[in-house]
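Reminder, nothing fancy here: chain letters follow the sequence lines and each chain counts from 1.
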There are 2 protein chains.
Amino acid sequence: MTSKTKDLTALFHETLKDIYFAEKQILRALPKMAKAAQTDALRQAFEHHRDETQGQIERLEQVFELLGKSPRGKACDAIVGIIDEGKEIMEDFSDTEALDPGLLAAAQAVEHYEISRYGTLKTWATQLGLPDAAKLLDATLQEEMKTDKLLTQLALQSVNRKAA
Amino acid sequence: MTSKTKDLTALFHETLKDIYFAEKQILRALPKMAKAAQTDALRQAFEHHRDETQGQIERLEQVFELLGKSPRGKACDAIVGIIDEGKEIMEDFSDTEALDPGLLAAAQAVEHYEISRYGTLKTWATQLGLPDAAKLLDATLQEEMKTDKLLTQLALQSVNRKAA
């Protein structure tokens with residue numbers, strides 16, 4: 001392993017630990033968000049994404065294995081901050097008409113964090129000559145982008161419904 | 001103002017304060033990232049985005065004005081966490097080949113946070129019957145998406161250059 005490869009492998013591994021921690025936090029937050037949601041469509045979206053997140057965690061465990069490492073998380077201040085902001089909205093806007101829009105906003109901030117991380121990790125896996133890892137990371141990236149689009153649709157539907 | 005509109009206006013205002021604080025943090029972080037960057041292309045991208053961020057802050061001030069509010073930020077744990085992770089990478093990978101990839105990853109996490117926030121704010125501005133605000137927010141959203149694409153290109157170029 002050249003020193004170049006060694007440095008990027010270390011950064012790849014650190015970022016993998018970051019998103020592994022993040023996914024586990026998201027897995028715990030989603031049932032609370034589903035419970036708080038006021039519309040069936042939003043609740044179902046959160047429930048579906050909770051199941052998807054479980055599969056994404058398993059894919060990350062496969063990537064750790066491809067690296068020859070044990071799956072381990074590392075506290076990620078970014079996702080903790082994003083989820084805390086979502087909790088604050090749930091408290092401040094509970095029982096108001098702004099609760100679902102607020103939950104959608106929080107969920108989209110989470111999705112975009114994941115989109116950036118999986119995009120980066122996929123690029124690095126390719127650079128490091130780990131095509132199987134890149135494939136696993138891309139599968140999750142596609143799911144996250146699909147979820148973000150669905151949430152955008154729900155947000156726009158909510159706008160149109162209220163305008164009607 | 002109906003209670004529905006009142007709630008969403010309050011949430012819009014809170015989220016505006018959140019991104020206003022975030023942009024000011026980003027404005028302070030970008031010169032440090034530019035200074036740390038190892039390639040000219042990345043340094044220039046950060047310097048250009050620093051100037052762009054200044055204009056985005058001014059647009060936010062116009063949106064506050066359209067709401068009849070004074071521009072004011074509110075501590076945003078999410079952006080603080082994202083920027084702190086970037087700082088950690090700058091320290092841990094300084095003088096290594098992984099520094100620029102790490103800076104790119106940090107910058108893309110910032111961009112995606114902003115993309116999610118401006119997308120949400122634009123939708124809400126439309127819903128609240130504030131087309132001028134929606135237009136300002138959309139102008140920034142387009143800039144953030146363009147910056148994210150540029151950063152992706154730089155990340156892929158770096159992959160190809162090293163593979164060559």
Notebook entry, point to check: Would you call B:L11 and A:I89 a side-chain contact if the rule is heavy atoms closer than 4.5 Å?
Noted result: yes
Margin query: Under 4.0 Å between a side-chain nitrogen and a carboxylate oxygen: does that hold for B:E85 and A:R117?
Written below: yes
Margin query: To the closest 0.5 Å, what do you measure between CG (A:D95) and CG (B:D7)?
Written below: 10.5 Å
Check: Which atom pair, heavy atoms only, marks the closest approach of A:L8 to B:P101?
Finding: CD1-CB, 4.0 Å
Checklist line | Toward chain A, the part of B:K74 with a non-hydrogen atom under 4.5 Å | finding: side chain
Item checked: Other residues, nucleotides, ligands: >12 heavy atoms within 6.0 Å of B:K17 NZ -> yes
Checklist line | Heavy-atom closest contact (B:W124 atom, A:G102 atom, distance) | finding: CZ2-N, 4.2 Å
Checklist line | Portion of B:E88 that has a non-hydrogen atom of chain A nearer than 4.5 angstrom | finding: side chain
Item checked: Any side-chain heavy-atom pair of B:Q108 and A:T120 under 4.5 Å -> yes
Next item on the list: Among A:A78, A:G129, A:A105, A:G119, single out the residue with the greatest number of heavy-atom pairs under 4.5 Å to chain B.
Entry: A:A78
Next item on the list: Give the member of A:L104, A:D18, A:L121, A:D84 that has the highest number of heavy-atom pairs under 4.5 Å with chain B.
Entry: A:D18
Margin query: side-chain contact (heavy atoms from CB on, under 4.5 Å) for A:D77 and B:V80? Distances and angles first, verdict last.
Written below: CA-CA 8 Å; A:D77 289 345; B:V80 170; over 6 Å; no
Next item on the list: Taking atom CD of B:E61 as the centre, report whether more than 12 heavy atoms of other residues, nucleotides or ligands fall under 6.0 Å from it.
Entry: yes
Margin query: If you compare all heavy atoms of A:S116 against all heavy atoms of B:A109, which two are closest, and at what distance to 0.1 Å?
Written below: OG-CA, 3.4 Å
Next item on the list: Could you tell me whether A:E65 atom CD has more than 12 heavy atoms of other residues or ligands within 6.0 Å of it?
Entry: no
